[in-house]
Novice: 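Here's a structure for you.
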Amino acid sequence: MWYNRNIPIKNPTKGGIFMPKGKPNKRYTPEFKIKVVETMHREKLSYRETARQFDISNSRVTAWE
């Protein structure tokens, strides 16, 4: 079953609604954001490669650049 992690879905077998387990909301320090962007530029990485290296989403990298 495919679902968006941020949207509660109805459990078809039990009739209830549940939130899938995932990473809790996390805040990143300004120093970490700078490190991510500098690494991306220095190593000429794509947004996707950078996100994978730092275990964050592509959209975060895009927003921080």
Side-chain angles (χ1 to χ4, degrees):
M1 174 182 344
W2 294 93
Y3 57 86
N4 181 330
R5 290 179 171 237
N6 299 322
I7 300 174
I9 60 173
K10 187 169 180 149
N11 185 334
T13 58
K14 304 210 187 247
I17 294 180
F18 69 96
M19 284 296 291
K21 291 184 179 178
K23 293 181 184 178
N25 289 338
K26 184 171 182 178
R27 298 197 182 256
Y28 298 95
T29 64
E31 292 81 11
F32 178 75
K33 294 176 186 180
I34 292 168
K35 179 180 178 181
V36 169
V37 173
E38 286 179 345
T39 300
M40 181 177 71
H41 289 288
R42 184 178 60 251
E43 297 182 18
K44 297 179 175 41
L45 300 173
S46 69
Y47 293 116
R48 182 177 287 173
E49 291 168 329
T50 305
R52 194 176 306 129
Q53 183 172 333
F54 288 94
D55 194 29
I56 56 178
S57 71
N58 297 355
S59 61
R60 288 200 189 270
V61 178
T62 304
W64 296 343
E65 186 187 26

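Along the sequence shown, residues carry numbers from 1. As the structure is a computational prediction, the values presented were derived from the model and not from experiment.
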Novice: My understanding is that only residues two or more places apart in sequence, or in another chain, count here; which of them pass side chain to side chain contact (heavy atoms under 4.5 Å, CB included) with S59?
Specialist: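 In terms of side chain to side chain contact (heavy atoms under 4.5 Å, CB included), with neighbours along the sequence ignored, S59 is linked to S57.
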Novice: Listed by chain and number, what are the side chain to side chain contact (heavy atoms under 4.5 Å, CB included) partners of E43, not counting sequence neighbours?
Specialist: T39, L45, Q53
Novice: Taking only residues two or more places apart in sequence or in another chain, which ones pass side-chain hydrogen bond (donor to acceptor under 3.5 Å, both in side chains) with T62?
Specialist: none
Novice: If you measure from CD1 on I56 to CH2 on W64, what distance do you get to the nearest 0.5 Å?
Specialist: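 Going from CD1 on I56 over to CH2 on W64, the span is 4.0 Å.
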Novice: Flag the pair R60 / Y28 as yes when at least one side-chain heavy-atom distance between them is below 4.5 Å, and no otherwise.
Specialist: yes
Novice: Who passes side-chain hydrogen bond (donor to acceptor under 3.5 Å, both in side chains) against Y47, sequence neighbours left out?
Specialist: E65
Novice: I'd like to check the side chain to side chain contact (heavy atoms under 4.5 Å, CB included) partners of R52; sequence neighbours left out, ordered by chain and number.
Specialist: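 Scan of R52 (side chain to side chain contact (heavy atoms under 4.5 Å, CB included), adjacent residues dropped) gives R48.
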Novice: Indicate every side-chain donor-acceptor pair of residues 30-37 with a distance under 3.5 Å to a residue at least two apart or in another chain.
Specialist:
none

Novice: Can you name the closest pair of heavy atoms from N58 and A51 and give their distance?
Specialist: OD1-CB, 3.2 Å
Novice: Could you measure the distance from the NE2 atom of H41 to the OG1 atom of T50? Nearest 0.5 Å is fine.
Specialist: 8.5 Å
